[in-house]
Amino acid sequence: MGQTLVYKILAGHLVDGKIAAGRPIGIRIDQTLTQDATGTTAFLLFEAMGAGRVKTQLSVSYIDHNIAGFGPENHNDHLYLQTIAAKSGVYHSRAGNGICHQVHLERFGRPGTTLLGSDSHTPTCGAIAALAIGAGGLDVAVAMTAGPFYLTCPKVLGVKLTGQLGDWVAAKDAILKLLAIITTKGNVGWAVEYFGEGASTLTVPQRATITNMGAELGVTTSIFGSDEQTRKFLAAQNREKDYFACGELAADPDAEYDRIIEINLAELEPMAACPSSPDNVKTVREIAGIQTGQVVIGSCTNSSFTDLMMVAKVLKGRRIDDMVEFAVAPGSREVLNMLAENGALADMISAGARILESGCGPCIGLGFSPGDGVVSLRTFNRNFPGRSGTRDDKVYLVGPETAVASALTGRITDPRDLPEIFAIEYPKIELPDKFVINDNMIEPPLSEEEAAEAEVLRGPTIVVPEAPPPLPQELQGTVLIKCGDKITTDHIMPAGAFLKLRSNVPEYAKVVFNCFNEEGRPTFARRALELKEKGIAGVIVAGESYGQGSSREHAALCPMYLGVRAVVAKGIERIHKANLINFCIVPMEFAEPADYDKIKPDDRLHIDNLLEAIKGSNKVKIINKTGSFEFIGKLELCDRDREILLSGGRLNYVSKYYV
Ligand code: MIC
Ligand code: SF4
């Protein structure tokens with residue numbers, strides 16, 4: 001039987017285990033990327049390992065999330081990241097140079113390589129056939145020391161694309177269609193591989209929109225083959241040699257997928273993910289007419305040169321609706337420069353667009369929070385409740401065609417109606433033959449000799465995170481919170497205004513589960529710390545898909561700091577589960593999902609033999625002392641996970657093995 005492309009790349013990088021779905025494997029990582037919001041912790045942990053210089057083929061540290069600089073924290077982080085990168089052999093992409101995924105795709109990603117990034121949208125580079133995976137910062141730090149990355153060998157979903165996208169229909173509509181089919185739940189342990197003659201019609205930026213939003217499916221990675229489209233894109237980036245380094249890459253013709261879904265691109269129509277989940281998908285026709293007060297185009301999903309050229313052409317000579325606040329954030333400085341040079345930027349500005357820096361911006365709740373009750377249309381990838389910075393927000397995720405059409409009319413508008421409303425023909429944008437390349441905001445690292453003398457700048461707002469205490473044999477715990485299904489890391493650790501606290505765990509921990517804090521009741525953090533002082537462990541109880549979304553390990557690190565030692569849920573998402581283990585919080589799943597219903601907040605839970613169970617059992621008996629009943633928590637852990645938990649977390653574990 002032939003191999004899928006995913007398995008071929010995994011097999012070529014295998015250092016531990018056997019390629020078979022569901023089995024734990026360790027792979028060698030060729031490239032890593034970090035961004036500033038997860039990077040400071042990643043580099044502090046890298047330093048704590050005593051690792052010295054990175055041992056990957058290439059590591060890049062990006063500044064793209066926290067670039068607004070309210071207070072000294074952001075700049076302190078940037079200076080630390082710039083100086084530690086130079087010293088450790090890491091390239092540094094400065095603030096303003098663009099969003100990590102967009103820049104990595106343009107300047108660094110390579111077909112056939114493995115890329116590990118401390119950001120959940122790292123699989124964007126699957127658009128150029130890299131096997132790209134998102135992980136917590138600590139996992140990336142280990143990869144930088146040449147330690148293998150461990151994962152469960154995924155099942156592979158083949159998505160066969162046929163046909164060709166029609167006018168005004170976007171690559172975003174293809175991934176929203178897939179989200180409508182397989183949703184954001186239950187896809188842990190899968191990878192998605194796109195193939196078929198429809199796939200070969202898609203350009204790399206279009207493919208990148210699709211692989212980017214694989215993160216919302218909850219899959220390990222998403223990938224396209226390397227073909228003529230890849231060559232064209234890399235040649236236009238002056239990197240054709242990176243294509244020829246491995247030439248065409250595809251699955252074997254007789255490869256067998258664990259499941260196949262067929263999508264005919266020609267049958268797609270404009271789609272939108274309605275509030276407040278990326279899988280709450282409807283056609284734009286179904287929701288057309290809803291008044292919209294804000295439209296934002298940008299993020300690592302839809303801010304490429306071709307996306308923004310289409311937007312500029314539609315806007316040229318027109319003006320946005322009176323009641324719409326409209327912003328555009330180009331994904332990289334390369335994109336912004338090109339729009340500036342060819343006049344497209346002026347067309348957007350004249351039409352009323354507010355041009356934002358090349359960075360994450362509103363996507364992570366930094367600015368442009370919509371007013372109360374205001375419908376906001378965004379070309380982003382996530383519309384989790386409150387992520388925009390407004391409680392009860394109404395955020396719709398759409399492609400750039402729908403976004404620009406709606407900005408002009410002030411209502412959710414199917415862009416296929418534009419020819420009729422404004423006599424606009426679809427501006428089909430070709431990939432340029434040459435992008436305008438300027439890497440002068442990417443700093444190469446210092447040589448080893450220079451690095452030995454170089455100073456690392458550490459501002460006072462950067463606090464080294466505490467290591468977790470060892471787990472007790474007998475766990476006395478209290479349920480600090482009982483939450484429902486699809487709790488995202490944005491619920492657990494809010495970003496936006498709090499993002500600047502990322503380098504200071506004691507401060508950031510104060511807002512754990514902030515969205516569930518109620519007036520007149522002590523906060524989650526307060527209650528957790530009170531228990532911690534009494535030697536009682538905090539326990540989080542949750543429903544399906546706990547921890548979906550971001551890779552932010554603060555969603556484990558901060559609860560750990562507050563004394564949380566266990567999570568019992570109906571299901572836990574891949575990256576978050578790994579982060580919990582890394583920071584010594586025991587992830588357990590309900591053996592009987594109905595037991596979830598019996599548990600109440602503040603219940604006292606007791607485990608007699610926690611360490612024994614972690615050592616050698618797939619389940620553990622949990623006694624609910626308040627409700628006087630027992631239930632079983634499943635421990636779905638590989639041997640390595642068990643060792644990490646028993647070692648007191650990943651840092652202790654790696655110090656034993658790799659450094
Ligand atoms: C996000 O989109 O939620 C983020 C911010 O990029 C995160 C990383 C982070 O929390 O720093 C992600 O997707 O992993
Ligand atoms: Fe940045 Fe948004 Fe992309 Fe996350 S999803 S990397 S916040 S642009």
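First listed ligand is number 1; within each ligand, the first listed atom is number 1.
- Close approach of ligand 1 to His121 (heavy-atom distance below 4.0 Å) involves ligand atoms 13 (O).
- Here Cys300 reaches atom 3 (Fe) of ligand 2: one of its N/O/S atoms is less than 2.8 Å from the metal.
- Heavy atoms of Asp64 found under 4.0 angstrom from ligand 2: none, in either backbone or side chain.
- When only interatomic distances are considered, the shortest N/O to N/O separation between Asp490 and ligand 1 does not fall below 3.5 Å.
- Checked for salt-bridge contact, Arg552 and Asp119 miss the test: no charged N lies under 4.0 Å from a carboxylate O.
- In this structure, His554 falls outside the shell of residues with a heavy atom less than 4.0 angstrom from ligand 1.
- Between Glu47 and Arg458 there is a salt bridge, since at least one side-chain N of the basic residue sits less than 4.0 Å from a carboxylate O of the acidic one.
- Close approach of ligand 2 to His121 (heavy-atom distance below 4.0 Å) involves ligand atoms 5 (S).
- Residue, atom and distance of the protein heavy atom nearest to atom 2 (Fe) of ligand 2 are Cys363 SG, 2.3 Å.
- Checked against a 3.5 angstrom limit, the closest N/O atoms of Thr38 and ligand 1 fall outside it.
- The shortest heavy-atom contact between Ser120 and Gly549 is CB-O, 3.5 Å.
- Short contacts between ligand 2 and His101, defined as distances under 4.0 Å to a heavy atom of the residue, involve ligand atoms 6 (S).
- The ligand atoms of ligand 1 that sit less than 4.0 angstrom from a heavy atom of Asp119 are 4 (C), 6 (O), 7 (C), 8 (C), 12 (C), 13 (O), 14 (O).
- Taking every non-hydrogen atom of His65 and a distance limit under 4.0 Å, the qualifying atoms of ligand 1 come out as 4 (C), 5 (C), 6 (O).
- If you check the side chains of Asn517 and Asn514, you find a donor sitting under 3.5 Å from an acceptor.
- Near Ser550, meaning under 4.0 Å from any of its heavy atoms, are these atoms of ligand 1: 3 (O), 7 (C), 8 (C), 9 (C), 10 (O), 12 (C), 13 (O), 14 (O).
- Near Ser551, the atoms of ligand 1 lying under 4.0 angstrom from a non-hydrogen atom of the residue are 12 (C), 14 (O).
- In this structure, the side chain of Glu573 does not engage the main chain of Ile575 through any donor-acceptor pair within 3.5 Å.
- Of the charged side-chain nitrogens involved, at least one lies within less than 4.0 Å of a carboxylate oxygen, so that Asp439 and Arg107 count as a salt-bridged pair.
- Close approach to Ala37 involves these atoms of ligand 1, each under 4.0 Å from a residue heavy atom: 11 (O).
- Ligand-side atoms of ligand 2 in range of Ile364: 7 (S), range being under 4.0 angstrom from any heavy atom.
- Proximity of a side-chain donor or acceptor of Asp36 to a complementary backbone N or O of Asn66 within less than 3.5 Å is detected.
- The Ser299 neighbourhood of ligand 2 comprises atoms 8 (S), with distances under 4.0 Å to a heavy atom of that residue.
- Nearest protein neighbour of atom 13 (O) of ligand 1, counting heavy atoms only, is Ser120 OG, 2.6 Å.
- For the pair Gln35 and ligand 2, no heavy-atom separation below 4.0 Å is found.
- Aromatic pair Tyr508/His554: centroids less than 6.0 angstrom apart.
- Nearest protein heavy-atom neighbour of atom 1 (Fe) of ligand 2: Cys360 SG, 2.3 Å.
- Residues His491 and Phe513 keep their aromatic ring centres 6.0 Å or farther apart.
- Side chain of Thr292 to main chain of Val375: a donor-acceptor pair is present (N/O by atom type, distance under 3.5 Å, no hydrogens or angles).
- Annotation: Tyr561 is not in aromatic contact with Phe583 [ring centroid separation under 6.0 Å not met].
- Regarding atom 4 (Fe) of ligand 2, its nearest protein heavy-atom neighbour is His65 NE2, 3.9 Å.
- Applying the 4.0 Å criterion to heavy atoms of Asn381 picks out, from ligand 2, the atoms 5 (S).
- At a 4.0 Å cut-off, at least one heavy atom of Gln35 sits close enough to ligand 1 to count as contact.
- In this structure, atom 11 (O) of ligand 1 lies nearest to the protein heavy atom Arg502 NH1, 2.8 Å.
- Salt bridge annotation for Glu544-Lys486: absent, with no cationic side-chain nitrogen under 4.0 angstrom from a carboxylate oxygen.
- Taken from NE2 in His78 to CD1 in Ile67, the straight-line distance is 7.5 Å, to the nearest 0.5 Å.
- Salt-bridge check for Arg239 with Glu106: failed, with every basic side-chain N at 4.0 Å or more from each acidic carboxylate O.
- For atom 2 (O) of ligand 1, the nearest non-hydrogen atom of the protein is Arg387 NH2, 2.8 Å.
- With hydrogens and angles disregarded, a donor-acceptor distance shorter than 3.5 Å links the side chain of Asn187 to the backbone of Thr183.
- Atom 10 (O) of ligand 1 has its closest protein heavy atom at Arg552 NE, 2.6 Å.
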